[in-house]
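Worksheet for the structure shown next.
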Amino acid sequence: MKLSRRNLLRSLGISMAGGIFLNGVSSKKAFGEEKVMPDMMPKMHKPMMPSPTKKRAVILGGGYSGLYCAITLRELAPDAEIVVVEKYPFFVSGPSHIDFVAGLKHLDDISRSYDPVSARNIRVVRSEIIGIIPDERRVLTSSGDIEYNFLVISTGIRIADEDVLNLIEQPASNSHAWELGETVEMRKRIEAFKGGRVVLTVPTAPFKCPPGPYEVACLLREYFDSKKIKAEITIVDANDKPQPGPLAQKWTSVLEARNIIYKPNNKVIEIDAAGKQVITDKGDKVGYDFVSIIPSNKAATFIKDAGLGDPFVDVDPATFKSKKYDNIFAVGDCAKVPYTKSAFTASLQGKNVAHHVAKSMGLDVKEPAPIYNICYPYVSSKESLMVRVDWDKDGKMLKAEVDDPKKDYVGSRAAWEGGLINGLFGS
Amino acid sequence: MGYLARKFLNGLFTTALILFICGIHTHNASGEKPGANHQSDNKADNKAGTQPGVRIADEVSFAENRLDVKKGEVAFVEIRSQEPSTIYIMYPTQYNKYKTTGSLEGVLEHKNVTWLIHPVPAMLEDQTVYFIQKGETIFSVVYENIQERIDGLIKGEEMLRAGMEMRVADKENVVRLTPLIPDLKMMLDFSKEAKFVILKTIDFARYRKGLKNFDQLYEESVHKGSGTGYNFTTKDFEDLYLIIKTPDPIRVKYIIRATKESAESGC
């Protein structure tokens, strides 16, 4: 039976519990994030598709950066073979994870089928990425190997649960909004929450969507208040100030005004699920009734295993080209670049890298536009902050601006994300 | 060597800067904005003496310094003391709460400090930060242009990024080395010979929980040794923890320098 996006979304909502996702398998295991050594993979591993007969660009990851790379490259290189490898059967817009956990949107509102992308003569393959063998120009996936001429890595971040003592052993104790399965679980727990201590933790920068943890805290405050649920919300932050740094002062005021307790310079290093407390590197013990730990953000382990960088892919920020291999590129959250780890810069990085891949194919294309970031972090469902940063083509920051919370920015945020989605899927 | 590093490391502050010595109200610049002329300057508002509603100062003296940093600049605050002091760093909202309720909730705190370099960048808009020092301290500020600083790094200059010196007891002590990004140069300096090991977070968690002891971790770790100092370059964004074992109370100092490579990482 063909699994439709709608059916899958429905099943997600029903079957998601304690990190269980798809066929009752732990989401971490199901999504291939356990360490696999490429050099241990047998060479008899079957090819998923024939060797390339024309220039083949394989794009790992069907998020914003990967898809914008694919559709831009399609325009720049009409004759190229383009393959996108993605583990999820459908696309979910990253920024809306926050809307979803706060009850502002449904999953169906923020997800899209990959069909419109496939319709552009881009082959979208659903498979787990297991490893990369750069010297053989080969990607290993759970469904077979894929040879490439050019490789674009856009696999986003991996949540490093192993950095928090006992978190791997007690996965059911946690949920967060930084992965799809975890996001669905977190929403369920929020809906079931009857009151008490809410603890949200923030990892050391850099991490995906830097304003996100503080947005979640603000939206939860609003949600619980609207339901007349008494909640003491505490943010335990590994950083010395709220992120991103330029918004720190504004966040401090926003959190204070919402009676959200803020504990900086406290990195959560252990969870004691039985005692319902997290323990920080200062030795502080913070009790909870509901906890959301965001562990460190790193790139997938196969990137380190392939020698492409650790914890992120080492690239030239001007071209996104690997510092070790001329035919490998990396963009978005998995790349070591100066740009904010956000959906917006990921989209622009995807467009940008497509130009550099096309150039490497020998095509005459014009210089891509430099990267900039704009986003509208929620302070409530009715007000958002604004931050914009511009970089030059080499990744040097040129200018930046921030603005106080405004009602208009909520509309700007909706248009901003809608534009990103429409650019890929048409609606 | 960068401008700031030269200033600090040559000890220029001790002779050339306007010093604010705790208990002596040497300069009242309340409401003044700092200059952008890159001269060593102190335009912080330094108020000494016990304030109503304050809970942190009992028998010891303390000082307050308001720091206003203009957009596009970074202020490097240096705080020195002979005896270990406690330093609180707070934004205006936190400061106002502290003044009205005495609460230090959410405030950045450094304990047992005898020397601190703390950067306050104002990348996108003006920043105001308050420093409260518990103990006899000397407070100084240097302002730099962020863009010029980045340009200098890209040209290959090395620049001081942060630093701290603290007194540790005659036992195993923990010093958190953070925040770190790749390609920073880390210099550790101890006033007497000591045995040390530098741990990543998960190993530190095991150490704190008692799952592994100092000697076990010493065997397993890459960054370790015995002596009066140690230098290394950071490889990634991971927080590091210095565990130092000493039979006598000593002073532990770390200095973090930014490099061209660290500037290119974008943090």
Side-chain angles (χ1 to χ4, degrees), chain A residues 160 162-166 204-206 235 237-241 244-257 261-265 267 269-270 279 281-283 296-298 309-312 314 316-317 336-340 387-389 391 394-403, chain B residues 69 71-72 89-97 103 105-111 118-129 146-147 150-151 154 162 174 176 178-183 199-209 211 235-239 241 261 263-267:
Chain A
E162 72 276 11
D163 278 1
V164 179
L165 199 62
N166 296 331
T204 311
I235 298 175
D237 198 332
N239 302 284
D240 62 3
K241 53 183 174 287
L247 283 177
Q249 196 159 313
K250 293 194 186 300
W251 275 131
T252 305
S253 302
V254 165
L255 299 177
E256 172 73 25
I261 300 166
Y262 181 66
K263 291 172 75 74
N265 235 24
K267 182 173 186 174
I269 59 172
E270 180 184 349
I279 297 140
D281 57 356
K282 282 185 174 174
S296 307
N297 288 195
K298 297 178 178 176
D310 178 28
F312 302 108
D314 283 323
D316 175 353
K336 185 180 162 186
V337 288
Y339 317 116
T340 310
V387 56
R388 176 174 173 139
V389 182
W391 293 269
D394 297 317
K396 186 173 135 187
M397 188 188 290
L398 293 176
K399 60 178 181 176
E401 58 179 313
V402 294
D403 200 7
Chain B
V69 190
K71 179 181 175 181
I89 303 170
M90 54 188 84
Y91 290 110
T93 313
Q94 295 168 320
Y95 176 77
N96 292 338
K97 185 177 177 184
S103 170
E105 193 176 85
V107 167
L108 182 59
E109 177 188 66
H110 295 297
K111 286 183 174 175
H118 183 88
V120 181
M123 196 174 292
L124 303 187
E125 61 177 0
D126 295 353
Q127 295 280 310
T128 297
V129 179
I146 290 174
Q147 196 54 59
I150 293 171
D151 291 344
I154 298 295
V174 176
R176 186 186 184 202
T178 186
L180 299 177
I181 61 173
D183 302 308
L199 304 178
K200 291 195 168 191
T201 302
I202 191 64
D203 283 330
F204 174 67
R206 291 179 181 124
Y207 170 78
R208 191 177 270 289
K209 196 170 175 63
L211 299 176
K235 295 295 180 199
D236 60 36
F237 296 91
E238 180 107 30
D239 292 322
Y241 298 84
E261 291 75 20
E264 287 174 348
S265 79
C267 296

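Naming convention: chains lettered A, B, ... in sequence-line order (proteins, then strands); numbering from 1 in each chain.
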Let me know if [X] has heavy atoms under 4.5 Å from chain A in its side chain, its backbone, both or neither.
X: B:Val174; value: neither
X: B:Ile89; value: neither
X: B:Lys200; value: neither

Under 4.5 Å from any heavy atom of chain B - which part of [X]:
X: A:Lys399; result: neither
X: A:Ala238; result: both
X: A:Ser296; result: neither
X: A:Val387; result: side chain
X: A:Gln249; result: both

Leading residue by heavy atom contact count with chain B [cutoff under 4.5 Å; candidates A:Pro244, A:Ser253, A:Gly245]: A:Ser253
Selection from A:Val164, A:Asp281, A:Ile269 maximising heavy-atom pairs under 4.5 Å formed with chain B: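 Maximum pair count with chain B is reached by A:Asp281.
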With heavy-atom distances below 4.5 Å as the criterion, would you say the side chains of [X] and [Y] are in contact?
X: A:Met397; Y: B:Met123; answer: yes
X: B:Phe204; Y: A:Lys267; answer: no
X: B:Tyr91; Y: A:Lys241; answer: yes

For the atom pair [atom1] ([X]) and [atom2] ([Y]), what is the distance rounded to the nearest 0.5 Å?
X: B:Asp236; Y: A:Lys298; atom1: CG; atom2: NZ; answer: 7.0 Å
X: A:Glu162; Y: B:Thr201; atom1: CD; atom2: OG1; answer: 11.0 Å
X: A:Asp237; Y: B:Leu108; atom1: CG; atom2: CG; answer: 10.5 Å

Partners meeting salt bridge (charged side-chain N to carboxylate O under 4.0 Å, His left out) with B:Asp151 (sequence neighbours left out):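 With sequence neighbours excluded, B:Asp151 shows a salt bridge (charged side-chain N to carboxylate O under 4.0 Å, His left out) to A:Lys396, given in chain and number order.
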Closest approach of A:Ala400 to B:Lys71 (non-hydrogen atoms, all atoms of both residues):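 Here A:Ala400 and B:Lys71 meet closest at O-NZ, 3.6 Å.
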Test item: side-chain donor near acceptor, A:Thr252 and B:Thr93, under 3.5 Å: no
For chain A, the option from B:Val129, B:Ile202, B:Leu180 that forms the most heavy-atom pairs under 4.5 Å: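 Looking at each of B:Val129, B:Ile202, B:Leu180 in turn, B:Ile202 comes out on top.
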Partner set under side chain to side chain contact (heavy atoms under 4.5 Å, CB included) for A:Lys282, not counting sequence neighbours: A:Asn265, A:Asn266, A:Thr280, A:Asp284
Test log, rule side chain to side chain contact (heavy atoms under 4.5 Å, CB included), inputs A:Leu165 and B:Leu211: CA-CA 11 Å; A:Leu165 199 62; B:Leu211 299 176; 4.0 Å; yes
